[in-house]
Amino acid sequence: MKINRTFYQNNTLQVAENLLGKIIVREYNKQRLTAMIVETEAYIGKDDSACHAAKGLTQRTEIMFGEAGMAYVYFVYGMHYMLNIVTEEINFPAAVLIRAVEPLSGDDVMINNRNVRGKNISNGPAKLCQALNIDKSLNGWDITKGEKLWLEEHEAVSTFEIAHSPRVGIDYAKEIDRKAPWRFYIKNNPYVSKK
DNA sequence: CTCTCGATGTTCT
DNA sequence: GAACATCGAGAGG
């Protein structure tokens, strides 16, 4: 069953944790790819020096200031896309970064998109975007519409244990934000990006 | 397995 | 002009 907007209009830490085990669905060229979310990170507001919105309202960050349930896709390091989902209320800039997924169906297409096999298909934020053919054209896309890109409940999910840690790749942030345990992942899942 | 380093272009100063 | 929510190749153990 599709996840609706009220799920995302919530405390970002809760949404980040609750997204674990959910299914991400991507449709393009009449093909459907699905995967289970196994790792996320929360980026919360102007006071979070790791969050892009700490810079204030700019062309890049305006999506985060908008309605929950929108995709925030941005480009870094000159070659990688990152997929986030906007949370909280309008004018509170926050989002959850999807850092890793476990393929459920359409593996053959993902392998082709990535040109690798095994866990390297999708055990990282840029890798899963490449596997699912997500780029900047999906920035601002409403993921509650149930087209192109949306999320669903996982009916057959097995039980799992949730672990947390500081966020990855934010050396530029203040110490208090670097240390905040705002990364969530499914313990022992092989697709989690790092230990 | 580990570590180091280069790629590459958008964004904001 | 600097920095960047990363990845993969290559060298070494």
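Owing to the predicted nature of the structure, the values given are computational and were not obtained by experimental measurement. Residue numbering restarts at 1 for every chain, and letters A, B, ... go by the order of the sequence lines.
Across the protein-nucleic acid pair, A:K179 atom NZ and C:dA5 atom C1' stand 20 Å apart, rounded to whole Å. Remark: P of C:dT6 and CG of A:L83 are 14 Å apart, rounded to the nearest angstrom. C:dC7 atom C1' lies 14 Å from atom NZ of A:K119, rounded to whole Å. Atoms OH (A:Y172) and P (C:dA5) sit 4 Å apart, rounded to a whole Å. Across the protein-nucleic acid pair, A:Q59 atom CD and B:dT13 atom C1' stand 16 Å apart, rounded to whole Å. Computed from coordinates, the A:Y81 OH to B:dT10 P distance equals 8 Å when rounded to whole Å. Residue A:I85 contributes atom CD1, which lies 19 Å from atom P of C:dA5 at whole-angstrom precision. Residue A:Y72 contributes atom OH, which lies 10 Å from atom C1' of B:dT11 at whole-angstrom precision.
Put simply, the side chain of A:H80 and the base of C:dA5 share no donor and acceptor less than 3.5 Å apart. Checked by distance alone, A:Y77 brings no side-chain donor or acceptor within 3.5 Å of a matching partner on the base of B:dA7.
Atom CG of residue A:L128 and atom CG of residue A:N113 lie 12.0 Å apart, to the nearest 0.5 angstrom. Expressed to the nearest 0.5 Å, how far CD1 of A:I98 lies from CD of A:E39 amounts to 10.0 Å.
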Item to check | Dot-bracket notation for DNA chain C, counting Watson-Crick and G-U pairs under 3.5 Å, with | for partners on another strand | outcome: ||||.|||||||.

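When heavy atoms are screened at a 4.0 angstrom cut-off, A:R114 is found touching the sugar-phosphate backbone but no base atom. Residue A:R99 is in sugar-phosphate contact alone, with no base atom involved, counting any heavy-atom pair closer than 4.0 Å across all strands shown. Residue contacts shown for A:I170 are limited to sugar-phosphate atoms, with no base heavy atom under 4.0 Å away. Across all strands, A:M82 comes closer than 4.0 Å only to sugar-phosphate atoms, never to a base (heavy-atom distances). Across all strands, A:A50 comes closer than 4.0 Å to base atoms (heavy-atom distances).
Of the candidates A:K136, A:M64, A:R60, A:H80, A:R60 is the only one forming a side chain to side chain contact (heavy atoms under 4.5 Å, CB included) with A:Y74.
Along DNA chain C, the nucleotide closest to A:D171 and the one closest to A:N120 are compared, and the more 5′ of them pairs with A:D171. Nearest-nucleotide positions on DNA chain C place A:Y74 closer to the 5' end than the other of A:Q130 and A:Y74. Along DNA chain B, the nucleotide closest to A:V76 and the one closest to A:T61 are compared, and the more 5′ of them pairs with A:V76.
For B:dT11, neither phosphate oxygen OP1 nor OP2 lies less than 4.0 angstrom from any side-chain nitrogen or oxygen of A:H52. Taking only side-chain nitrogens and oxygens, A:K136 comes nearer than 4.0 Å to OP1 or OP2 of B:dT11. Listed pair A:K127 / C:dG8 meets the phosphate criterion, a side-chain N or O lying under 4.0 Å from OP1 or OP2.
A donor-acceptor contact shorter than 3.5 Å links the side chain of A:R5 to the backbone of A:A68. Side-chain atoms of A:N29 never come within 3.5 Å of backbone atoms of A:Q31 as a donor-acceptor pair (strictly under, hydrogens ignored).
Note on ring orientation: taking the six-membered ring where Trp is involved, the planes of A:Y81 and A:F75 are tilted (angle from 30° to 60°).
Using a 4.5 Å cut-off between side-chain heavy atoms of Ile, Leu, Val, Met, Phe, Trp and Tyr, with links allowed through other members, A:V96 and A:I24 fall into the same hydrophobic cluster.
Using a cut-off of 4.0 Å between Lys/Arg side-chain N and Asp/Glu carboxylate O, A:E152 and A:K22 are scored as not salt-bridged.
Of the candidates B:dC12, C:dA5, B:dT8, B:dT8 carries the atom nearest the A:M79 side chain, counting heavy atoms from C-beta on.
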